[in-house]
Novice: 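Dropping the structure in here first, questions after.
No experiment lies behind these values; they were computed from the predicted model shown.
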There are 2 protein chains.
Amino acid sequence: MADIARMAGVSISTVSRALAGNPLIPKALRDHIVEIAQTHGYVVNQSARSLRLRKTDTIGVIIPLAHEAGQLISDPFFLEMVGRLADEITRRGYSVLLNKVIVNETGWLERIIQSHRADGLLLIGQSNQHEALNTVSDTYRPMVVWGARLPGQRYCAVGSDNVEGGRVAVAHLAANGRARIAFLGETDAPEAIQRFEGYKKGLAEAGLAFDPTLVVPTPYTAGEAREAMATFLATGVPFDAVFAFSDVVALAAIDALKAAGRTVPGDVAVVGFDDVVQAQHSTPPLTTVRQDLAFGARAMVDLLLRRMAGEDAPSTLAPVELIVRGSSVAS
Amino acid sequence: MADIARMAGVSISTVSRALAGNPLIPKALRDHIVEIAQTHGYVVNQSARSLRLRKTDTIGVIIPLAHEAGQLISDPFFLEMVGRLADEITRRGYSVLLNKVIVNETGWLERIIQSHRADGLLLIGQSNQHEALNTVSDTYRPMVVWGARLPGQRYCAVGSDNVEGGRVAVAHLAANGRARIAFLGETDAPEAIQRFEGYKKGLAEAGLAFDPTLVVPTPYTAGEAREAMATFLATGVPFDAVFAFSDVVALAAIDALKAAGRTVPGDVAVVGFDDVVQAQHSTPPLTTVRQDLAFGARAMVDLLLRRMAGEDAPSTLAPVELIVRGSSVAS
DNA sequence: CTGAAAGCGCTAACAC
DNA sequence: GTGTTAGCGCTTTCAG
């Protein structure tokens, strides 16, 4: 910047003002300075600017992983969410700092905040960190979390109506004559628990008894889910439908069912959750509870910017919608 | 940091050294200082650190978009690449700055570099910016580009063997008795051009004549690709196979073919390129030329780090592999 | 309207 | 071993 100043024959502060478009500097001079900066490929150093201004024009997107390793790439839901958030953030003139963190040691979030690399934080998923998030949010405002609405929640959350999603999935299966509906999923994370609640609610509304033998604890990844389904099949417990808490799990279940000689939806109807891209391309196409990620991503960024501006933006529920395809009803 | 210094009863530079693990400070004192910093939630301000050290411990991942708008989310290939790069970068202790840029105005890359927000740059795709990249690379070393190897290329590129991929796809179709093989794709970007070359090479090797009426200019997105295929069908030009330059286009083509009453692979055999996740879940499953993105991402990050260290890392070709599934051969 | 000067929070000579 | 000090490159009072 000093160089530019010398070249333009003005002081360094004039250059700073000109480059910032400060109207105190006459337009002619401003343009001249901008031009000379441009021809010399000069761009303001963001580290220095951030230090001085105490802001980075950057939003941190954090993917909290509870169980170590778990490659980011594996989950199409995360990936799609990252893409949509990146779009929204970029559109508003901010940069995206992507942050994959293993949330084992306490203080992981505080560390990210204190490093001052971002003006605001977006977490994709609350993992098992509900209390940590509550604590942090008491002192740090510019943060929005994708995840479940929980009682006593003090942080700003945007998430789908998981209970309703589970309920509507089961209602659909019951309405099509299914009576023994298995639940496939983990019940450790809040979102999973809510979908499980919706599952039980749906059963109750349909006049079906809840049968614990139909609950199949199933990990998040395709490989493990396929195994879990195979193991469940081996138990011989009779069932005619599956509600899986994610599409990845549902698609894996379909694979396992086919491998075991069961037809879908003939022998077993399957409903998933998310509506990832491959849901519509599977065989049969997957009936699923669609999460509106476009809405969710927009809402998260909107709320975050409001919080960064000092407002107190509220938590928001994103609508879900049952998408009926071939995996749950004969075509 | 001044606060921590006061609390520890030492000078500010001692704190800096202690937090950096400098062995000049006795271990006991170091631990003590680290502890007091921790309990007070103190973390080094990265803006200040970056300014002073002239490094950010951040790697910029850039998605260059030639044709405006084009949502990031739409292309599963980009998304998977971002995920894999993020994994590799994080694993090496760097942060990821995600950057979606519309490459319309010249100097876009110089601007990113000069802003000094990243210590190195990874571009996903060279778009139509071959010359711009060449120019920049003469003065800026820490940059690696995913894309085609091109004659007179002065920047470091990692990419699949596109020609070989196209060749092998066509060879496979020809070996299965197909004689009129259409090419679906744009031929503006280098990678697309190379796949098209491979297509012609494959035809030649199989003793098939190249027929320009079988070349169908097809945009990248699913919707437009479906339309392009439909339009091509309407022309009545006879064909019994399709080689599409991406899976997204291939899957869209299958949709359009089915809608027009053609069977796959009966009437028309289809081969794609990429092996995105949904390729294995389509009906029929898609035969495709698999790009080894795990390899590619690792190579890109490796090469970049070497370049950041001052070495002069060479361009690299990633192997491709034909994955035969149901869309090209009767099961 | 423009320039001089202070200082954002940190690291690393350079003393002691 | 530890403290003093000089900047890293920028923005912005405060004077003129």
Side-chain angles (χ1 to χ4, degrees), chain A residues 1-38 40-58 93 95 97 110-119, chain B residues 1-38 40-58 93 95 97 110-119:
Chain A
M1 191 176 263
D3 297 349
I4 305 296
R6 202 173 321 111
M7 291 168 175
V10 296
S11 84
I12 192 173
S13 34
T14 300
V15 174
S16 174
R17 285 192 264 254
L19 261 28
N22 189 324
L24 280 179
I25 311 289
K27 178 132 180 31
L29 178 54
R30 235 190 301 160
D31 290 349
H32 178 231
I33 292 178
V34 168
E35 160 130 16
I36 156 164
Q38 210 146 53
H40 289 264
Y42 171 80
V43 173
V44 174
N45 179 315
Q46 290 301 321
S47 296
R49 184 165 206 275
S50 298
L51 177 58
R52 177 67 233 237
L53 259 28
R54 309 159 134 278
K55 75 188 181 90
T56 58
D57 293 321
T58 297
S95 296
L97 192 66
E110 285 84 349
R111 255 191 303 282
I112 292 176
I113 294 170
Q114 287 302 324
S115 72
H116 291 287
R117 297 181 59 118
D119 298 342
Chain B
M1 191 175 265
D3 298 349
I4 305 296
R6 202 174 321 110
M7 291 170 177
V10 296
S11 85
I12 192 173
S13 38
T14 300
V15 174
S16 175
R17 285 192 263 254
L19 260 29
N22 188 323
L24 280 179
I25 312 287
K27 180 134 179 30
L29 177 54
R30 236 190 303 158
D31 290 349
H32 178 230
I33 292 177
V34 168
E35 160 129 17
I36 158 164
Q38 209 147 53
H40 289 264
Y42 170 81
V43 174
V44 174
N45 180 317
Q46 291 299 322
S47 297
R49 185 166 205 275
S50 298
L51 177 58
R52 178 66 231 240
L53 258 29
R54 310 159 133 277
K55 75 187 182 90
T56 58
D57 294 322
T58 297
S95 295
L97 192 66
E110 286 84 349
R111 256 191 303 284
I112 292 176
I113 294 169
Q114 287 302 325
S115 73
H116 290 287
R117 296 180 58 115
D119 299 341

Novice: Between B:Asp119 (side chain only) and B:Lys55 (backbone N and O only), is there a donor and an acceptor less than 3.5 Å apart?
Specialist: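 Side chain of B:Asp119 to backbone of B:Lys55: no pair is present.
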Novice: In whole Å, I'd like the distance from the CZ atom of A:Arg6 to the P atom of C:dT2.
Specialist: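 After rounding, the reported distance stands at 19 Å.
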Novice: Nearest heavy-atom pair of B:Gln114 and B:His116: which atoms, and what distance?
Specialist: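 Closest heavy-atom pair between B:Gln114 and B:His116: O-CD2, 2.8 Å.
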Novice: Decide whether A:Thr58 and B:Arg117 meet the rule of one side-chain donor and one side-chain acceptor closer than 3.5 Å.
Specialist: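 Result is yes, a qualifying pair exists.
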Novice: Using heavy-atom distances to pick each residue's nearest nucleotide on DNA chain C, tell me which of B:Arg17 and B:Val43 is more 5'.
Specialist: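 The answer here is B:Val43.
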Novice: Has the side chain of A:Ser50 got a donor or acceptor atom that lies under 3.5 Å from a matching backbone atom of A:Gln46?
Specialist: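 Yes.
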Novice: Starting from P on C:dC8, measure out to CD on A:Gln114 and report it in whole angstrom.
Specialist: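 Computing the A:Gln114:CD to C:dC8:P distance gives 17 Å.
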Novice: Measure the spacing between CD of A:Glu35 and NE2 of A:His40 and express it to the nearest 0.5 Å.
Specialist: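 Between A:Glu35 CD and A:His40 NE2, I get 9.5 Å after rounding to 0.5 Å.
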Novice: Nearest whole angstrom, please: distance from the C1' of C:dG7 to the CZ of A:Arg49.
Specialist: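 For the pair A:Arg49 CZ and C:dG7 C1', the rounded distance is 17 Å.
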Novice: Could you state the atom-to-atom distance from CZ of B:Arg54 to P of C:dT11 in whole Å?
Specialist: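 Roughly 15 Å, once rounded to whole Å.
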Novice: Round to a whole Å and report the spacing from CZ of A:Arg117 to P of C:dC10.
Specialist: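 Going from A:Arg117 (CZ) to C:dC10 (P), I get 14 Å.
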Novice: Side chain of A:Thr14 only, please: which of C:dA6, C:dC10, C:dT2 is the nearest?
Specialist: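 Output: C:dT2.
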Novice: Counting only N and O atoms by type, is there a donor-acceptor contact under 3.5 Å from the side chain of A:Arg30 to the main-chain atoms of A:Ile25?
Specialist: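 Indeed, once roles are kept as given, a pair shorter than 3.5 Å links the two residues.
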Novice: Please report the distance, rounded to the nearest Å, between CZ in A:Arg52 and P in C:dG7.
Specialist: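 Answer to the nearest Å: 10 Å.
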Novice: Rounded to whole angstroms, how far apart are NZ on A:Lys27 and P on C:dC1?
Specialist: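 Going from A:Lys27 (NZ) to C:dC1 (P), I get 14 Å.
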Novice: What is the first contacted nucleotide of DNA chain D and what is the last, in 5' to 3' order, if contact means an atom lying under 4.0 angstrom from a heavy atom of chain A?
Specialist: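 Endpoints of the contacted stretch of DNA chain D: D:dG9 to D:dT13.
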Novice: When rounded to the nearest 0.5 angstrom, what distance separates OG in B:Ser13 from CE in B:Met1?
Specialist: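 One gets 9.5 Å once the value is rounded to the nearest 0.5 Å.
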Novice: Can you check the B:Asn45 CG to C:dC10 P distance for me, whole Å?
Specialist: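 Atom-to-atom, B:Asn45 to C:dC10, this comes out as 5 Å.
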Novice: Please work out if B:Leu53 contacts a base, only the sugar-phosphate, or nothing of the nucleic acid, heavy-atom cut-off 4.0 Å.
Specialist: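 Counting heavy atoms under 4.0 Å across all strands, the contact made by B:Leu53 is with sugar-phosphate only.
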